[in-house]
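Worth knowing before you read on, the calculation uses all heavy atoms, side chains too, and leaves out hydrogens, waters and symmetry mates. For the single chain, residues carry numbers from 1 onward in sequence order.
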Amino acid sequence: MEIERLETFSTQNVSFVRVHTSDGDVGLGQIAPYNADISARVFHRQVAPHALGRNPLEIESLVDDVVEAEYKFPWSYVCRALAGLDTALWDLRGKRQGEPVVSLLGGKPTSLAAYGSSMQREIEPADEAERLARLRDQRGYDAFKIRIGSWDSKGDDEDQWPGRTEELVPTVREAIGDDVELFVDANSAYTPERAIEVGEEILAPNDVVHYEEPCPYWELEWTAEVTEALEDVPVTGGEQDTDLAQWRRMIEMDAVDVVQPDVCYVGGIERALRVAELAADAGLPCVPHSANHSMVTVFTLHLLGAIDNAGSYFEFSIEDHWAEGLLEPELVVEGGEVDIPAGPGWGVEVDPDWFDTAEYAVSEAD
């Protein structure tokens, strides 16, 4: 059995990969979202040629061979494209064996607790607090993440507007109550000095349990400084990192308390598993980045259902999104939890009508 044909169906936001084998098996995966049409071109140029004609069940060696063959192009776009191949192959394997991917990985299709992830910084603190309290009551969330600092600040110590973070965190805490876990995401906004100040003066007094990407993610030493200083506020990060050597350095230098690989950014399930294993060896939990309702959240559910160091929650966006209605069945939060799809492979399919709206490309074996 060989990989005979690799298809992509792409828009700017998302690109799906369909793998076909010589004996008629089919698997569906997804390239990392956003500028996905660019990643799809990379897929056909720099991923597909290394996969065609290969055994589709040899996922580990295939993934390694692509990265090694494209070593002059680290890391982002190759890994974003590689995720499409990896996840399509896991789907194919699951469908061949009649099992969900989570079972192939050693877990089982149970339900996992979601934290409601806000993506908004323009929202007024009182409005953010009101909508989170409403979602707590409607959907049963017992954890939320809010955005602090400014999106445009990368180590510049800027807030979205003066005083917003100081007002937002206690306002949300009061609205959601003491029994709800509160996470924050700074998206690389701060210098170490300001990050520590925010942690000590704003986050710790409001029982924040997850302080994401306080400093520019590429400045590992800055993040490590914050982590060392904040004994009562766990620092998290890693969503942007794709190089496994960088992951090893991050973990060995104690730069973060919680690792957050993104399955699609890092190159798929195989490479995300390696990050989770590195973290487990260091005694760190894994809470992947999954900030939209495309298949990345499905992949994350299957991964977390199988690893021993999964965090207590997984990320589930609370925003209206371009991916709404894209998958069948849709992921739904009930009682604060989401079911891991239990069907063969990923257990979901893309709305067939969507494919008619996408740009098509194919690579085939000679």
Side-chain angles (χ1 to χ4, degrees), residues 1-96 101 104 240-247 261-275 294-296 299 345-346 350 354-355 357-366:
M1 181 175 58
E2 298 178 348
I3 297 173
E4 187 172 73
R5 187 164 78 256
L6 291 164
E7 301 172 306
T8 57
F9 303 84
S10 308
T11 65
Q12 183 174 338
N13 282 332
V14 68
S15 179
F16 294 103
V17 172
R18 191 178 284 157
V19 57
H20 299 260
T21 69
S22 54
D23 62 353
D25 286 335
V26 179
L28 182 70
Q30 183 191 300
I31 286 169
Y34 306 111
N35 289 325
D37 50 345
I38 298 175
S39 297
R41 295 195 66 177
V42 173
F43 178 87
H44 289 287
R45 182 75 59 84
Q46 296 182 268
V47 175
H50 306 298
L52 292 168
R54 297 285 297 275
N55 185 336
L57 303 182
E58 295 176 354
I59 301 174
E60 180 178 359
S61 61
L62 257 173
V63 165
D64 286 344
D65 288 349
V66 171
V67 171
E68 290 170 10
E70 298 297 331
Y71 74 96
K72 287 185 177 290
F73 298 89
W75 283 98
S76 178
Y77 271 110
V78 168
C79 287
R80 294 169 80 92
L82 177 60
L85 175 67
D86 170 286
T87 54
L89 294 178
W90 279 107
D91 186 58
L92 182 146
R93 181 184 290 185
K95 288 172 177 173
R96 279 177 61 89
V101 172
L104 302 182
Q240 310 291 353
D241 290 287
T242 57
D243 182 355
L244 296 184
Q246 181 82 334
W247 276 106
D262 182 298
V263 174
C264 284
Y265 294 173
V266 80
I269 288 289
E270 174 60 36
R271 288 170 62 83
L273 280 170
R274 295 183 199 179
V275 173
S294 68
M295 287 184 76
V296 65
F299 305 152
W346 297 120
V350 176
W354 179 88
F355 290 99
T357 71
E359 180 181 351
Y360 176 76
V362 61
S363 295
E364 298 182 273
D366 294 332

Checklist line | Atom CZ of Arg274: over 12 foreign heavy atoms under 6.0 Å | finding: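 It does: Arg274 CZ has more than 12 such atoms within range.
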Next item on the list: For atom CD of Glu364, decide whether the heavy atoms of other residues, nucleotides or ligands shown that lie under 6.0 angstrom number more than 12.
Entry: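 Correct, the count exceeds 12.
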Is there a donor-acceptor contact under 3.5 Å from the side chain of [X] to the main chain of [Y]?
X	Y	value
Trp346	Thr87	yes
Asp243	Trp75	no
Asp91	Gly345	no
Arg80	Cys264	no

Do [X] and [Y] make a side-chain contact, defined as non-hydrogen atoms from C-beta onward lying under 4.5 Å apart?
X	Y	value
Phe16	Trp354	yes
Pro261	Trp247	yes
Ser10	Arg41	no
Asn35	Gln12	yes
Glu270	Leu89	no

Between [X] and [Y], which heavy-atom pair has the shortest distance, and what is it?
X	Y	value
Thr242	Tyr265	CG2-O, 3.0 Å
Ser22	Met1	OG-CA, 3.5 Å
Glu7	Phe9	CB-CE1, 3.8 Å
Met295	Gln30	N-OE1, 2.8 Å
Ala40	Ile31	CA-CD1, 3.8 Å
His50	Leu62	O-CD2, 3.7 Å

Check: At what distance, to the nearest 0.5 angstrom, does CG of Leu6 lie from CG of Leu85?
Finding: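 Taking CG in Leu6 and CG in Leu85, the distance rounds to 6.5 Å.
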Note to self: Tell me whether Arg18 forms a cation-pi arrangement with Phe355, defined as NZ or CZ under 6.0 Å from the six-membered ring centre and within 45 degrees of its axis.
What the structure shows: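 Judged by the rule (NZ or CZ under 6.0 Å from the ring centre, within 45° of its axis), Arg18 counts as positioned above Phe355.
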